[in-house]
Amino acid sequence: MTEEKSLNFLEEIIEEDLRSGKYKTIVTRFPPEPNGYLHMGHATSICLNFGLTAKYGGYSNLRFDDTNPVTEETEYVDNIKADIKWLGFEWKNELYASDYFDTLYEYAIKLINKGLAYVDDSTSEEIALLKGTPTEPGKDSPYRNRSVQENLGLFERMKNGEFADGTHTLRAKIDMAHTNMLMRDPLLYRIKHAHHHRTGDKWCIYPMYDFAHGQSDSIEQITHSICTLEFVPHRELYDWLIEKLEIYPSHQYEFARRNLSYTVMSKRKLLQLVNEGYVNGWDDPRMPTISGMRRRGFTPASIRNFCDRIGIAKRENVTDFSVLEFFLREDLNHAAQRVMAVLDPVKLIITNYEDGKTEEFQSENGPDEASGTRTVPFSKELWIEREDFMEEAAKKWFRLAPGAMVRLKSAYIVRCDSYDKDADGNITAIHCTYLPESRSGNDTSGLKVKGTIHWVSVQHALSAEVRLYDRLFKVENPSSEEGDFKDYINPDSLQIVNAFVEPSLKNAGKDDRYQFLRKGYFCLDEDSTAGQLVFNRTVTLKDAWAKEAQK
RNA sequence: UGGGUUAUGGUGUAAAGGUAGCACAACAGAUUUUGAUUCUGUUUGUCUAGGUUCGAAUCCUAGUAACCCAACCA
């Protein structure tokens, strides 16, 4: 069986580079800025960068792009590393752009000596003004033609801390009339008297992204530097700097960032959700962050499979959330232990079952024979799901209704005889008779019932808090709607219920995955304690009845 | 007449002049002690207009639309 899988455009480039002998082996890097948490968009990049070197040989570095000390913190570094490991990837070297600050400083001096960089005393407003606009050329700064000696002296004084923040910058000397705004004498260094999470107070000048990223790539001899489409205009500058500096020629390639429907994926927006209390932190299970998805119960494999399947290209896109859910369910279907839990309980009383009697049934743990069985206790009074009973059976309804029969999973067939209602019209109890000869495993009743429902024995049940999560936004693309994206938050994205779960869940483990039969996939939340079980719903099961009911 | 990038079913992604394919979604059916899973089948697409060619998603010409670029952020 040779299944031919087509290549994406990056794989094509790499295969050509390998074939032509341009490279013997490839090196990529994942370059997060340690100023926030990783999200699903980063996962795409991680899978891509690490996946490429795994496929073609070579290795990937983890490099923190820590050139802005004001926003960056070590706490983020640790979380980012944990997230990448959890996703299942290993970097060859853990590196920091700040490791290269000395080299970068020398590069700057080289540029000054070549007459290709100058110190500008303009304020940021003045610089912006002289920059022009996309449709109008810029004008030269009055400081543009300083001598090499003067520039050298000023740059050194910048480094020595003789100037206040914002008073001087080092700029490349390219062309103020260039059609590419980034080539209009871009800033290379700025003054920031700030404490850096790694270099401390050694520096008060810090390189800009454009004077750090490509140079770091070059220093690490990255062969394929992969980034998102908004960096396309930077490539011209990326190449210019490498050429003028005469350093190892890394090459930049761009792909379109991945968007997911019903969520937002920018650090800025996610930060707002956290800061303004719409969610409970970066790892809130509704967040598209790696940590949030982990807490929600996503598996690393489901995320990796998703990234592989949706592919990579250069056009704008919004991937349907259902694709992610598909890979989640696919993985969980095999990984999850089956258990019974009733989320919206109503009491079912078996009138012809002996008072005080208890039986034990064996129920399968999973779809594969190998997953084995577990013991579930049964008695006269059970909790069942309120939605599994209808006073008047609908068309195609094959659950409980007056006169109707259902199978209690792994136990007996019961028939509904009557039910109790309170003054408000709420069902308070359902009375049934059971068929002793329909015992699961040796059913001699000869009856075939269409419906099977889950249950939990009242006297054996454990109570648990269950957090039911739904999509965070009501619309597919909150960012493209009128007004503020937060206006489209789904008010029902979290619903907390008190459920009854089968006693085997007493020993639920942190990494265990469960399928609450017929209800969805769940995992233990970190808020869970010995006295109070707390479960998160990862994702529901597909529900054919819900669709039928809508008709 | 700023520059750049991109256009293939509802969504994502293939097809390097030769049968428009795959996945998700949707729909129909079979199996089912989970209305799950599994299995079978069906619907839906090349931005527009010209041109080259026996033959065009692909090549040419002219349009159109969307996105990115004017942070001492990355």
Side-chain angles (χ1 to χ4, degrees), chain A residues 5-8 12 31-33 35 65-68 70-72 120 123-124 127-129 131-138 165-171 178-184 187-192 206 208-210 212-213 227-236 254 256 258 261 267-268 309-327 329-330 333-334 338 340 363-364 366-367 396-399 406-411 413 438 440-441 443 448-454 476 515-520 540-549:
Chain A
K5 199 174 178 282
S6 53
L7 304 176
N8 65 45
E12 278 177 10
E33 185 189 8
N35 72 343
D65 240 335
D66 55 351
T67 58
N68 186 356
V70 179
T71 56
E72 295 153 2
D120 196 332
T123 63
S124 73
I127 289 176
L129 217 59
K131 197 140 212 169
T133 69
T135 52
E136 300 163 58
D165 289 9
T167 55
H168 300 263
T169 54
L170 182 74
R171 300 178 71 178
H178 202 111
T179 52
N180 180 349
M181 295 289 289
L182 278 149
M183 298 297 275
R184 321 241 263 228
L187 270 60
L188 268 22
Y189 265 93
R190 77 290 215 191
I191 301 170
K192 274 182 195 281
Y206 293 93
M208 299 286 290
Y209 167 84
D210 286 303
H213 197 98
C227 60
T228 46
L229 237 34
E230 67 267 29
F231 290 95
V232 168
H234 292 254
R235 189 175 62 232
E236 195 170 10
E254 312 86 9
R258 309 301 320 204
S261 62
K267 238 185 241 179
R268 203 191 94 252
R309 195 67 190 82
I310 61 176
I312 207 73
K314 298 182 84 157
R315 71 179 110 144
E316 216 184 310
N317 60 80
V318 182
T319 301
D320 207 297
F321 202 82
S322 63
V323 183
L324 218 202
E325 289 183 332
F326 169 82
F327 287 103
R329 292 188 181 114
E330 181 185 61
N333 180 41
H334 295 287
R338 312 288 127 129
M340 293 199 280
S363 193
E364 329 76 77
K396 293 195 184 174
W397 174 261
F398 40 89
R399 277 118 91 155
V406 292
R407 156 84 56 190
L408 295 171
K409 174 70 184 173
S410 299
I413 292 175
S438 67
S440 189
D443 183 346
K448 277 225 152 115
V449 293
K450 203 89 161 89
T452 299
I453 65 172
H454 60 279
E476 274 197 30
Q515 184 194 106
F516 288 2
L517 229 57
R518 305 205 302 134
K519 297 311 293 181
T540 60
L541 257 29
K542 282 222 247 173
D543 190 347
W545 167 248
K547 272 182 202 161
E548 187 63 38

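Below, chains carry the letters A, B, ... as their sequence lines are ordered, and counting in each starts from 1.
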*Counting only distance, no hydrogens or angles, is the base of B:A74 paired donor-acceptor with the side chain of A:His234 under 3.5 Å?*
yes

_N-O pairing of A:Lys409 and A:Glu364 below 4.0 Å_ = yes

*Nucleotide forming a Watson-Crick or wobble pair with B:C39, both distances under 3.5 Å*: B:G29

*asked:* Once you apply a heavy-atom cut-off of 4.0 Å, does A:Gln515 come out as touching a base, just sugar-phosphate, or nothing?
replied: base

_Gap between atoms CZ and C1', on A:Arg190 and B:A74 respectively (whole Å)_ = 9 Å

_Among B:U13, B:A66, B:G4, the nucleotide that comes nearest once only the side chain of A:Arg258 is considered_ = B:U13

*Determine the contact category for A:Ile310: base if any of its heavy atoms lies under 4.0 Å from a base atom, sugar-phosphate if only primed atoms, P, OP1 or OP2 are that close, otherwise nothing.*
sugar-phosphate

*Looking at B:A70, B:G2, B:C72, which one has an atom nearest to any side-chain atom of A:Thr133?*
B:A70

*asked:* Once you apply a heavy-atom cut-off of 4.0 Å, does A:Ile312 come out as touching a base, just sugar-phosphate, or nothing?
replied: sugar-phosphate

*A:Asn180 CG to B:U5 P: how many Å, rounded?*
11 Å

_Intermediate values then yes/no, side-chain hydrogen bond (donor to acceptor under 3.5 Å, both in side chains), A:Arg258 and A:Thr319_ = CA-CA 7 Å; A:Arg258 309 301 320 204; A:Thr319 301; 3.0 Å; yes

_On the nucleotide B:A26, are OP1 or OP2 found under 4.0 Å from the side-chain N or O atoms that A:Lys547 carries?_
yes

_Categorize A:Asn333 for me: base, sugar-phosphate, or nothing, with a 4.0 angstrom heavy-atom threshold over every strand shown._
sugar-phosphate

*Would you check if A:His234 and A:Tyr209 make a side-chain contact, meaning some heavy-atom pair closer than 4.5 Å?*
yes

*B:U33 phosphate, OP1 or OP2: any side-chain N/O from A:Lys450 under 4.0 angstrom?*
no

*Taking NZ from A:Lys409 and C1' from B:U37, how many angstroms apart are they, rounded to a whole number?*
12 Å

*Could you state the CG-P distance from A:Asp65 to B:A71, rounded to the nearest angstrom?*
20 Å

*Mind checking A:Tyr206 for me? I need base, sugar-phosphate or nothing, with any heavy atom below 4.0 Å counting as a touch.*
nothing

*State which of B:U34, B:G3, B:C24 makes the closest approach to the side chain of A:Thr179.*
B:G3

*Of the nucleotides B:A71, B:G35, B:A74, which has the atom closest to the A:Phe231 side chain?*
B:A74

*Hey, does A:Ser363 reach any base, or is it just sugar-phosphate, or nothing, if we go heavy atoms under 4.0 Å?*
nothing

*Name the nucleic acid region contacted by A:Val70, choosing base, sugar-phosphate or nothing; use a 4.0 angstrom heavy-atom cut-off, strictly under.*
nothing

_Paired nucleotide for B:U19 [Watson-Crick or G-U wobble; both distances under 3.5 Å]_ = none

*Measure from the side-chain heavy atoms of A:Glu12 and tell me the nearest of B:A36, B:A15, B:G3.*
B:A15

*How would you label the contact of A:Pro134 with the nucleic acid (heavy atoms, under 4.0 Å): base, sugar-phosphate, or nothing?*
base

*Please figure out whether A:Arg407 or A:Asn8 has its closest RNA chain B nucleotide nearer the 5' end.*
A:Asn8

*Look up atom CG in A:Leu229 and atom CZ in A:Arg315, then write down how far apart they are to the nearest 0.5 Å.*
12.5 Å

_Tell me whether the side-chain N or O atoms of A:Ser440 pair up with the base of B:U33 as donor and acceptor below 3.5 Å, since no angle test is needed here._
yes

*asked:* Just to be sure I understand the rule, does A:Ser124 reach a base, reach only the sugar-phosphate, or reach nothing, if contact means heavy atoms closer than 4.0 Å?
replied: base

*Quick one: does A:Arg315 reach the base of B:U6 with a side-chain donor-acceptor pair under 3.5 Å?*
no

*With heavy atoms under 4.0 Å as the rule, sort A:Gly520 into base, sugar-phosphate or nothing.*
nothing

*Below 6.0 angstrom between ring centroids: does that apply to A:Phe231 and A:His213?*
no

*Where is the tightest heavy-atom contact between A:Ser438 and A:Ile413, given as atom of each residue plus distance?*
OG-N, 2.8 Å

*Please determine if a side-chain N or O atom of A:Lys542 lies less than 4.0 Å away from the OP1 or OP2 oxygen of B:A25.*
yes

*Which part of the nucleic acid does A:Phe326 contact within heavy-atom distance under 4.0 Å: base, sugar-phosphate only, or nothing?*
sugar-phosphate

*Give the rounded distance in Å between these two atoms: CG of A:Leu188 and P of B:A74.*
12 Å

_Spacing of A:Ile191 atom CD1 and A:His168 atom NE2 [to the nearest 0.5 Å]_ = 6.0 Å

*In whole angstrom, what separates A:Arg399's CZ from B:U33's P?*
17 Å

_Of the listed nucleotides B:C73, B:U34, B:C68, the one nearest the side chain of A:Asn68_ = B:C73

*Rounded off to whole Å, could you give me the CZ-to-P distance for the A:Phe327 and B:A25 pair?*
10 Å

*Using a cut-off of less than 4.0 Å, is there contact between a side-chain N or O of A:Arg329 and OP1 or OP2 of B:A36?*
no

*Would you mind reporting whether A:Glu33 and A:Thr71 have side-chain heavy atoms less than 4.5 Å apart?*
yes

*OP1 or OP2 of B:A74 sitting under 4.0 Å from any side-chain N/O of A:Thr67?*
yes

*Over how many whole Å does the gap from A:Arg268 atom CZ to B:A71 atom P extend?*
16 Å

_Over all strands shown, is A:Lys192 touching base, sugar-phosphate only, or nothing at heavy-atom distances under 4.0 angstrom?_
sugar-phosphate

*Looking at every strand, decide which applies to A:Lys519 at a 4.0 Å heavy-atom threshold: base, sugar-phosphate, or nothing.*
nothing

_Note, A:Ile310 side chain near A:Asn317 side chain (heavy atom, < 4.5 Å)_ = no

*Considering only side-chain heavy atoms of A:Asp320, which listed nucleotide, B:A36, B:A74, B:U11, is closest?*
B:U11

*Side chain of A:Met208: nearest nucleotide among B:C72, B:G2, B:C24?*
B:C72

*Which residue lies toward the 5' end of RNA chain B, A:Leu229 or A:Arg309, if each is placed at its nearest nucleotide?*
A:Leu229

*Which nucleotide sits closest to the side chain of A:Thr169: B:G2, B:U34, B:C72?*
B:C72

_Side chain of A:Ile127, heavy atoms from C-beta onward: which of B:C68, B:A36, B:C72 has the nearest atom to it?_
B:C72

*Assign A:Arg184 to base, sugar-phosphate, or nothing according to its heavy-atom contacts below 4.0 angstrom with the strands shown.*
nothing

